[in-house]
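Structure first, then comments.
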Amino acid sequence: MEDSRLKLRFQLCFALSVILAAPAFAAVNGDIEVALTMASIEYQAKNYPKCRQMVSDLLKRDPDNVGARELLALSQRGMNDDEGAAATYGKLLKGADPAKAAAYHFEMAMIRYKQKKSAEAKSHFQYAANAGFNGGTSNFYLGIMEFNAKAWKKARHHLTASLTYNDGKSMTPITRYYLANTYAQLGKTEAALHSYHEVDDTVAERMGNSGIDDTTKGIRTNALKELKALDKGQRYASLTLMQQWDSNVQTNPTEVANPVATASQRSAKSVLSVAAGYTSSPAKKIQVTPSFSYSTNYNYNYLARNFNFMSFTPALFAIYKPYARLSGGIKADGIFSMQNMLDPDESTQHLKYRPFSLTGDVGPIVKYELTPRINVAGELYWRPKHFYLDPATGDSRRSGGGVAGKLTSEFVSGYAWWNPSVYVGYEWDHPSGKTFRSYALSGGVADTVSVTEKFLLTGSVDIISTDYNESGSTSQGKRDDLNMVFKVAGSYPIVDKWTASGDVSYTQNDSSISTIYKYERWTGELGATYSF
């Protein structure tokens with residue numbers, strides 16, 4: 001196996017240092033130095049018993065000789081005397097400087113791993129990894145042990161870390177294979193597919209260069225089998241019902257970007273969402289995902305009854321090589337919204353849903369695995385908007401078009417408390433009327449915390465700075481808004497196909513025209529989703 005070759009290089013490094021590094025033995029008299037050199041020659045000749053005897057005799061004369069004790073441990077390993085070697089490394093660890101301690105911990109870890117003493121092996125591998133000694137190999141074994149323990153997120157953390165070290169590159173096929181299986185257990189089919197393909201590509205490249213061993217060939221065979229098993233489409237559907245409290249009901253649903261004043265009404269509400277779609281095989285060069293979603297809210301406050309909305313969202317994604325390190329495609333979606341409102345010609349008691357807006361996004365999307373632990377993605381859209389309530393003329397018209405872009409980065413981690421993502425965005429909105437013409441810069445950060453293996457909490461902060469630069473000055477001055485949203489959301493799978501979820505958020509919008517556009521808003525909701 002590849003790690004045996006890594007260990008051999010490590011052992012030879014020790015042996016050569018015994019011979020060549022004279023300063024390490026400055027305090028040893030000439031006879032001892034000669035004896036140590038002769039013992040090193042026996043070790044290189046693989047005469048381990050003779051080498052052990054020679055350094056054992058030397059240590060009786062000079063018990064503090066570190067080089068001799070290192071050579072003793074190596075000869076014991078060569079003779080498969082693992083307990084003897086572990087005892088020797090235990091003595092070396094006492095008072096060892098950090099640089100050498102990491103090497104001793106690594107050797108102790110290899111011994112305990114071979115003896116199937118996982119707890120001790122983890123401790124020693126973790127020390128070596130933290131110290132940067134054989135980080136690829138140390139994280140590989142940590143990942144394998146977590147994988148065997150079915151601790152999938154921790155396994156992902158260590159396996160992805162292993163791929164970032166030079167000493168882990170020789171083990172890339174098997175590391176990728178275990179990583180792919182880990183992603184499959186986590187339900188991340190796309191990531192699993194990518195890693196299986198990486199196994200295939202890496203092994204094929206090595207076969208073309210210098211040949212590979214049977215173990216690596218077997219890994220590739222298994223990866224190809226898994227790829228074939230994933231070569232299928234999938235239907236999905238879900239139904240979500242949330243009960244919400246809103247301290248300041250908005251005049252438009254959250255799905256519609258529309259910078260108007262708030263309702264200043266409190267209300268309890270029910271929010272119903274339905275989603276369905278189909279995803280073609282992720283193993284094909286082109287993956288197509290058509291979907292449709294519907295949502296509606298009902299405000300229980302009578303004064304907020306005309307703030308009830310319905311929205312219908314068809315969408316289509318087409319991705320080229322979704323399994324590749326670099327993949328891209330196109331996204332197209334539209335949102336048709338209806339508002340519960342009065343007709344000017346009817347009684348105030350007869351509200352009905354009438355068209356409110358029609359918006360959409362059309363444009364390219366791209367994603368890239370920058371490193372095995374960092375994924376980045378970008379999207380750029382043309383964003384047409386039509387509001388049915390717009391006047392025929394005037395600066396208050398909101399229909400028109402615009403451009404929106406976003407860059408996102410995600411860090412892959414197995415830590416329970418550290419799974420961050422960040423984004424920056426830009427939007428240029430150019431409606432027919434001047435009042436709402438603007439450009440906005442946005443940014444945000446989120447982190448998901450695994451309270452337990454199933455209970456997840458995600459905290460996020462979003463900031464949007466909007467400048468209505470084309471609207472010109474009004475009687476109240478030029479408008480600039482700064483919107484901040486703080487949110488904590490949680491989810492927990494209750495039983496098969498049922499997931500409970502909830503969130504609490506706080507929104508603060510500061511505006512240069514504070515009399516109209518400055519507001520605060522608290523929302524909290526709790527509900528469940530059923531997946532068909």
Side-chain angles (χ1 to χ4, degrees), residues 237-277 290-316 332-362 383-394 396-402 429 431-433 435-436 501 503 505 507 516 519 521 523-530 532:
S238 64
L239 175 68
T240 302
L241 179 62
M242 307 294 291
Q243 296 302 118
Q244 185 183 98
W245 168 257
D246 192 335
S247 71
N248 191 353
V249 177
Q250 299 289 315
T251 59
N252 56 279
T254 57
E255 294 86 353
V256 179
N258 178 29
V260 297
T262 54
S264 300
Q265 295 288 347
R266 300 178 181 180
S267 182
K269 65 174 68 175
S270 294
V271 181
L272 175 68
S273 302
V274 180
S291 65
F292 178 82
S293 61
Y294 164 82
S295 66
T296 185
N297 68 283
Y298 178 81
N299 295 309
Y300 290 95
N301 181 353
Y302 179 76
L303 297 176
R305 67 196 186 283
N306 61 326
F307 304 137
N308 297 341
F309 287 86
M310 291 193 298
S311 65
F312 307 83
T313 307
L316 178 66
D333 67 23
I335 305 174
F336 174 63
S337 296
M338 301 182 73
Q339 181 181 6
N340 189 33
M341 66 179 77
L342 296 170
D343 189 303
D345 299 326
E346 296 183 6
S347 166
T348 57
Q349 300 302 313
H350 294 85
L351 283 80
K352 65 172 63 174
Y353 283 94
R354 294 178 171 84
F356 173 76
S357 66
L358 178 62
T359 66
D361 285 326
V362 180
R383 182 167 286 172
K385 300 180 181 181
H386 176 71
F387 291 89
Y388 293 92
L389 303 181
D390 267 358
T393 60
S396 61
R397 288 173 296 165
R398 291 167 287 165
S399 299
D429 194 11
S432 300
T435 301
F436 296 110
S501 60
D503 62 68
S505 68
T507 303
I516 300 177
Y519 68 88
R521 184 189 188 196
T523 64
E525 61 182 354
L526 184 64
T529 298
Y530 180 79
F532 295 89

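What's counted below: heavy atoms across the whole structure, side chains too, no hydrogens, waters or symmetry copies.
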Any chance you could measure [X], atom [atom1], to [Y], atom [atom2], to the nearest 0.5 Å?
X    : Y    : atom1 : atom2 : result
S267 : Y302 : OG    : OH    : 13.5 Å
R305 : F307 : CZ    : CZ    : 9.5 Å
M338 : Y388 : CE    : OH    : 9.0 Å
Y300 : Q243 : OH    : CD    : 5.0 Å
N297 : Q244 : CG    : CD    : 8.0 Å
M242 : D503 : CE    : CG    : 6.0 Å

* Asked: For R266, does the CZ atom have more than 12 heavy-atom neighbours from other residues, nucleotides or ligands under 6.0 Å away?
  -> no

Can a donor-acceptor pair be found, under 3.5 Å and without considering hydrogens, that links the side chain of [X] to the backbone of [Y]?
X    : Y    : answer
T296 : L272 : no
N308 : N340 : no
T523 : D246 : no
T313 : I335 : no

* To do: Check salt bridge (charged side-chain N to carboxylate O under 4.0 Å, His left out) between D333 and all other residues, then give those that pass, not counting sequence neighbours.
  => K331

Nearest heavy-atom pair of [X] and [Y]: which atoms, and what distance?
X    : Y    : value
N301 : Q265 : ND2-OE1, 3.6 Å
S238 : T529 : CB-CG2, 4.0 Å
L389 : P355 : CD2-O, 4.5 Å

* To do: Would you please name every residue forming a ring pair (Phe, Tyr, Trp, His ring centres under 6.0 Å) with F312, sequence neighbours left out?
  => Y294

* Asked: Can you list the residues that meet the ring pair (Phe, Tyr, Trp, His ring centres under 6.0 Å) rule with F336, with sequence neighbours excluded?
  -> none

* Asked: Does one side chain, of Y519 or T507, offer a donor that lies under 3.5 Å from an acceptor on the other?
  -> no

* **Polar contact flag, side-chain donor to acceptor under 3.5 angstrom, S396-T435** => no

* pair Y530-L241: side-chain heavy atoms closer than 4.5 Å -> no

* Decide side chain to side chain donor-acceptor pair (under 3.5 Å) for S295 and S311; before the verdict, give the C-alpha distance in whole Å, the side-chain angles of both, and the deciding distance to 0.1 Å. => CA-CA 5 Å; S295 66; S311 65; 2.8 Å; yes

* Asked: Which one of K385, R383, R398 satisfies the side chain to side chain donor-acceptor pair (under 3.5 Å) criterion with D429?
  -> K385

* For the pair N299 and K269, evaluate side-chain contact (heavy atoms from CB on, under 4.5 Å) and give the outcome as yes or no after the intermediate values. => CA-CA 4 Å; N299 295 309; K269 65 174 68 175; 3.0 Å; yes

